[in-house]
2 protein chains.
Amino acid sequence: MSANSRMTIAIHVLTWMSLDRQNNEVATSERIAGSVNTNAVVIRRCLGDLRKSGLVQSKRGAGAGWVLAREPEDITLLEVYLAVEGGGPFGMHHTPPNADCPVGFGIRPALQVVYSELEEEIRKGLARTTIADVLRDVLAQQR
Amino acid sequence: MSANSRMTIAIHVLTWMSLDRQNNEVATSERIAGSVNTNAVVIRRCLGDLRKSGLVQSKRGAGAGWVLAREPEDITLLEVYLAVEGGGPFGMHHTPPNADCPVGFGIRPALQVVYSELEEEIRKGLARTTIADVLRDVLAQQR
DNA sequence: GGTCATGTAACATTGTCTGTTACAATGCAT
DNA sequence: ATGCATTGTAACAGACAATGTTACATGACC
């Protein structure tokens with residue numbers, strides 16, 4: 001499968017921000033990038049998606065940075081998923097199948113049903129976990 | 001997300017083979033490719049994966065081709081998934097996160113748990129549908 | 001005004017998926 | 001045994017997406 005890490009990065013960012021709220025420093029893309037171990041622009045792109053969905057807010061100017069727009073308990077992984085992830089788990093044919101064949105004609109709508117039911121299951125599963133849950137699990141891992 | 005079509009192609013192939021069993025012709029990669037509308041080698045690669053998992057069998061020599069190793073009612077989409085799909089729906093960080101940060105240290109094992117639970121949900125969902133179900137739905141789409 | 005970080009564009013790099021060509025291996029038919 | 005159609009696989013080209021990087025205009029506080 002894709003091995004797309006946007007979901008992972010976004011959860012990492014939000015979890016980091018949840019933990020960092022206790023400090024008095026400002027959450028900048030640069031500092032977050034230090035934890036994720038990537039370029040700050042990658043983090044800004046991610047935060048931009050999260051802001052469009054209303055999960056974070058940005059401040060500009062001097063002392064600028066990012067803050068959570070909601071409590072970690074109120075942010076589910078489903079919202080993160082909807083914010084940063086594109087299509088579903090499986091893709092359709094690259095080029096349209098042969099419509100003169102019964103299977104080629106009917107396979108796409110048939111799979112559409114199967115795939116969207118599956119997508120619904122994924123969403124339900126993601127809705128059960130919040131960023132606060134992840135933070136708790138993350139801290140439980142410490143040495 | 002990935003937009004990986006291997007799953008779609010594999011289901012298409014197996015569904016086509018289920019329908020084609022009624023004819024007296026031999027199922028060759030060339031004929032299947034005609035329905036999927038792609039190159040025969042792509043189909044052979046897919047069939048190779050399906051064979052490794054025991055879902056189809058191949059015959060060589062003259063009059064060679066492919067046959068289902070099991071009844072369409074006994075092949076679930078989960079088995080197809082396990083045969084052709086690689087990793088799970090989400091990937092981890094491209095480069096390892098900063099282990100000196102508590103979040104960077106604990107995020108991977110924490111997400112591993114979340115992701116594998118999700119993967120389990122997907123598998124359960126896929127196990128509910130068989131190739132015979134798909135064939136029925138495909139034929140119901142006809143003009 | 002100086003400064004710092006956001007916001008975004010542009011581009012390079014990398015990796016994966018798909019498609020294509022080529023060809024050896026296989027085994028039935030004649 | 002020879003021919004033939006197809007599998008099985010390697011090798012490569014092309015397309016595309018994700019990621020990383022550089023650069024710079026924009027905004028707002030000091």
Using only side-chain N and O atoms of [X], determine if any of them is under 4.0 Å from OP1 or OP2 of [N].
X	N	value
A:R44	C:dG7	no
B:T28	D:dT6	no
B:T38	C:dG19	yes

Open item on the list: When you measure only distances, ignoring hydrogens and angles, does the side chain of A:R51 come within 3.5 Å of the base of C:dG7 through a donor and an acceptor?
Closed with: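 No such pair is found, so the answer is no.
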Open item on the list: Check this for me: does the side-chain of A:R60 come within 3.5 Å of the base of C:dT6 through a donor and an acceptor?
Closed with: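 Yes, the side chain and the base share a sub-3.5 Å donor-acceptor pair.
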Whole Å only: how far is the [atom1] atom of [X] from the [atom2] atom of [N]?
X	N	atom1	atom2	answer
A:L50	C:dT6	CG	C1'	15 Å
B:E30	C:dT21	CD	P	12 Å
A:Q57	C:dG7	CD	C1'	16 Å
A:R6	D:dA18	CZ	P	5 Å
A:I9	D:dA18	CD1	P	13 Å
A:N37	D:dT19	CG	C1'	13 Å
A:W66	C:dA5	CH2	P	14 Å
B:H94	C:dG15	NE2	P	8 Å

- [ ] Using the closest heavy atom to pick a nucleotide of DNA chain C for each, name whichever of B:A62 or B:R45 lands nearer the 5' end.
- [x]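 The residue mapped nearer the 5' terminus is B:R45.
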TODO: Using the six-membered ring of A:F105, assess whether NZ or CZ of B:R143 lies under 6.0 Å from its centre and within 45 degrees of the ring axis.
DONE: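 B:R143 over A:F105 ring: yes.
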- [ ] Could you tell me whether A:V41 contacts a base, only the sugar-phosphate backbone, or nothing, with contacts defined as non-hydrogen atoms closer than 4.0 Å?
- [x]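 If one applies the 4.0 Å heavy-atom cut-off, A:V41 turns out to touch a base.
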Open item on the list: Quick check on the hydrophobic clustering: are A:L68 and A:V84 connected, directly or via other members, by side-chain heavy-atom contacts under 4.5 Å?
Closed with: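 Linked, A:L68 and A:V84 end up in one cluster.
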- [ ] Check whether any side-chain heavy atom of B:L55 sits under 4.5 Å from a side-chain heavy atom of B:M17, and report yes or no.
- [x]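 With C-beta onward as the side chain, the pair stays apart.
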Task: Ion pair check, B:R31 and B:D20, cut-off under 4.0 Å - done: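 Salt bridge flag = yes for B:D20 with B:R31.
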Out of [options], whichever nucleotide has its closest atom nearest the side chain of [X]:
X	options	value
A:N39	C:dG7, C:dG19, D:dT21	D:dT21
B:N4	C:dT18, D:dT7, D:dT19	C:dT18
A:S58	D:dG20, C:dC17, C:dG7	C:dG7

Open item on the list: Restricting to non-hydrogen atoms, name the atom on B:H12 and the atom on B:S35 that form the minimum distance, rounded to 0.1 Å.
Closed with: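 Reported closest heavy-atom pair: NE2-OG, 2.8 Å.
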Open item on the list: Nearest heavy atom decides the nucleotide; on that basis, is B:A64 or A:A64 closer to the 5' end of DNA chain D?
Closed with: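 Per heavy-atom nearest nucleotide, the more 5' residue is B:A64.
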